[in-house]
Trainee: 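The following block contains the structure, expressed as structure tokens.
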Protein chains: 2
Amino acid sequence: MFSKACEYGIRATLYIAEQSLNQRRVNIREIAKAIDSPEAFTAKIMQQLVKSQIVHSVKGPLGGFEMLRSGSHDIKLYQIVKAIDGDNIYKGCGLGLKECNEEHPCPVHFKFLNIREELREMLETTSITELAKDLDKGIAFLKQ
Amino acid sequence: MFSKACEYGIRATLYIAEQSLNQRRVNIREIAKAIDSPEAFTAKIMQQLVKSQIVHSVKGPLGGFEMLRSGSHDIKLYQIVKAIDGDNIYKGCGLGLKECNEEHPCPVHFKFLNIREELREMLETTSITELAKDLDKGIAFLKQ
DNA sequence: AATAAAAAAGATTTTTTTGTCTTAAATAAA
DNA sequence: TTTATTTAAGACAAAAAAATCTTTTTTATT
């Protein structure tokens, strides 16, 4: 469904969001441990997330990652997926046709319509903060 | 969603199924042209589909591929996906956790539940013959 | 029996994805 | 101002996926 990079990116962001609930800034070593991911690879992905303004980073001692403080905009799952994997999951054709639409549909176009729409809806409405709260409550997990 | 191999595999099977409606056996060159896929790579994928008993092949002049004649069992989309990509799409965790279930869920586990279930249902119930008929009627396409 | 056409098998190459390593830049604290 | 700690950047390496090439096997036709 998602690339490994995207999976790690979502998990990392969720961990940062959880810690940000308590004003904690976290470094890459801690993130990689918390989500059980390869540290150097995760660091690369964090660079993308910082550039896409999904998380904020601070260099130097006591530095690390935290959610943007602006607070005004709550990040949605959709933004992470778009930043890392692009929007092919819910825009591209299920069978890989370059052109696939109502007028020129692939054989499964209408069968996929509902599913893709539900997926898009879910990604666009699910907020990171919402999910982070479940982690904080201990009713959801980021590894194993 | 699916790998390239799986996309080509589905499209190839659909083309063969369409031609089998009219008792036509087709060779790999014709298939690759019809579905706009790399010929040699498609040939490799056909080998998997033959081994998985999704299509039938005949060697030698006038040989090629056709659907199994048994007729008793109508191939479902699900069988092709399982043969090529495995069942990770609707069984594996959306965030890549090794263990993810009701008792130990990832943060999006319950958000994904419906979508994955719908996808599984769709793949398990959609028949290749059904889709092939749409191709035959000219209301669905396998390229562009 | 020889030839030609087709799939099967296996080796190889290319591209993409995943992952690592090294150096540079920033910055807090001693 | 030096040192230590952190992210950023970029080069590099390994593994997987996508794609190709070559040889073998099968079989219909001449």
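Note on naming: letters A, B, ... go to the chains in the order of the sequence lines (proteins, then strands), and numbering restarts at 1 for each one. Here the structure is a predicted model, which means the values were calculated and not measured.
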Trainee: Between B:Lys137 and B:Asp134, does any NZ, NE, NH1 or NH2 come within less than 4.0 Å of an OD or OE carboxylate oxygen?
Mentor: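 Looking at B:Asp134 and B:Lys137, the cut-off is met.
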Trainee: Roughly how many Å is it from CD in B:Gln53 to P in C:dA8, rounded to a whole number?
Mentor: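 Going from CD in B:Gln53 over to P in C:dA8 covers 13 Å.
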Trainee: Distance check needed: D:dT27 P versus B:Arg25 CZ, whole Å only.
Mentor: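 Spelled out: CZ on B:Arg25 to P on D:dT27 is 11 Å.
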Trainee: Search all heavy atoms of A:Glu7 against all heavy atoms of B:Gly96 and return the closest pair with its distance.
Mentor: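 So the minimum-distance heavy-atom pair works out to OE1-CA, 3.3 Å.
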Trainee: Please produce a list of atom pairs where a protein N or O lies less than 3.5 Å from an N or O of nucleotides 7-10 of chain D.
Mentor:
residue	atom	partner	partner atom	Å
D:dT7	OP1	A:Ile28	N	3.0
D:dT7	O3'	A:Ser57	OG	3.2
D:dA8	OP1	A:Ser57	OG	2.8
D:dA9	N7	A:Lys44	NZ	3.3
D:dA9	N7	A:Gln47	NE2	3.1
D:dG10	N7	A:Lys44	NZ	2.5
D:dG10	O6	A:Lys44	NZ	3.4

Trainee: On a heavy-atom basis, which atom in B:Leu68 and which in B:Val55 lie closest, and how many Å separate them?
Mentor: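 Taking every non-hydrogen atom into account, CG-C, 4.4 Å.
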Trainee: With DNA chain C as reference, determine whether A:Leu62 or A:Glu39 sits nearer its 5' end, using the nearest nucleotide of each.
Mentor: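 The residue mapped nearer the 5' terminus is A:Glu39.
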Trainee: Between atom CG in B:Asp36 and atom P in D:dA19, what is the gap in whole Å?
Mentor: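 To the nearest whole Å, that distance equals 11 Å.
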Trainee: Between A:Glu124 and A:Lys76, does any NZ, NE, NH1 or NH2 come within less than 4.0 Å of an OD or OE carboxylate oxygen?
Mentor: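 Salt bridge: no.
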Trainee: Report the relative orientation of the aromatic rings in B:Tyr78 and B:Tyr90; use parallel for angles under 30°, tilted for 30 to 60°, perpendicular for over 60°.
Mentor: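 Aromatic pair B:Tyr78/B:Tyr90 classed tilted.
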Trainee: Would you mind reading off the distance between B:Glu30 atom CD and C:dA7 atom P, rounded to a whole angstrom?
Mentor: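 Distance check: B:Glu30 CD to C:dA7 P gives 10 Å.
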Trainee: Are any non-hydrogen side-chain atoms of B:Leu97 and A:Gln144 less than 4.5 angstrom apart?
Mentor: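 The answer is no; the side chains never approach within 4.5 Å.
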Trainee: Among residues 1-23 of chain B, which ones have heavy-atom contacts with DNA chain C below 4.0 Å?
Mentor: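 Those residues: none at all.
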Trainee: In terms of side-chain geometry, is the basic nitrogen of B:Lys33 or B:Glu30 positioned less than 4.0 Å from the acidic oxygen of its partner?
Mentor: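 Result for this pair is no, no salt bridge flagged.
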Trainee: Rounded to whole Å, please give me the gap between CD1 in B:Ile45 and P in C:dA7.
Mentor: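 After rounding, the reported distance stands at 14 Å.
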Trainee: Any idea which heavy atoms bring B:Lys111 and A:Thr126 closest together, and the distance?
Mentor: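 Where B:Lys111 meets A:Thr126 most closely, the heavy atoms are CD-OG1, 3.5 Å.
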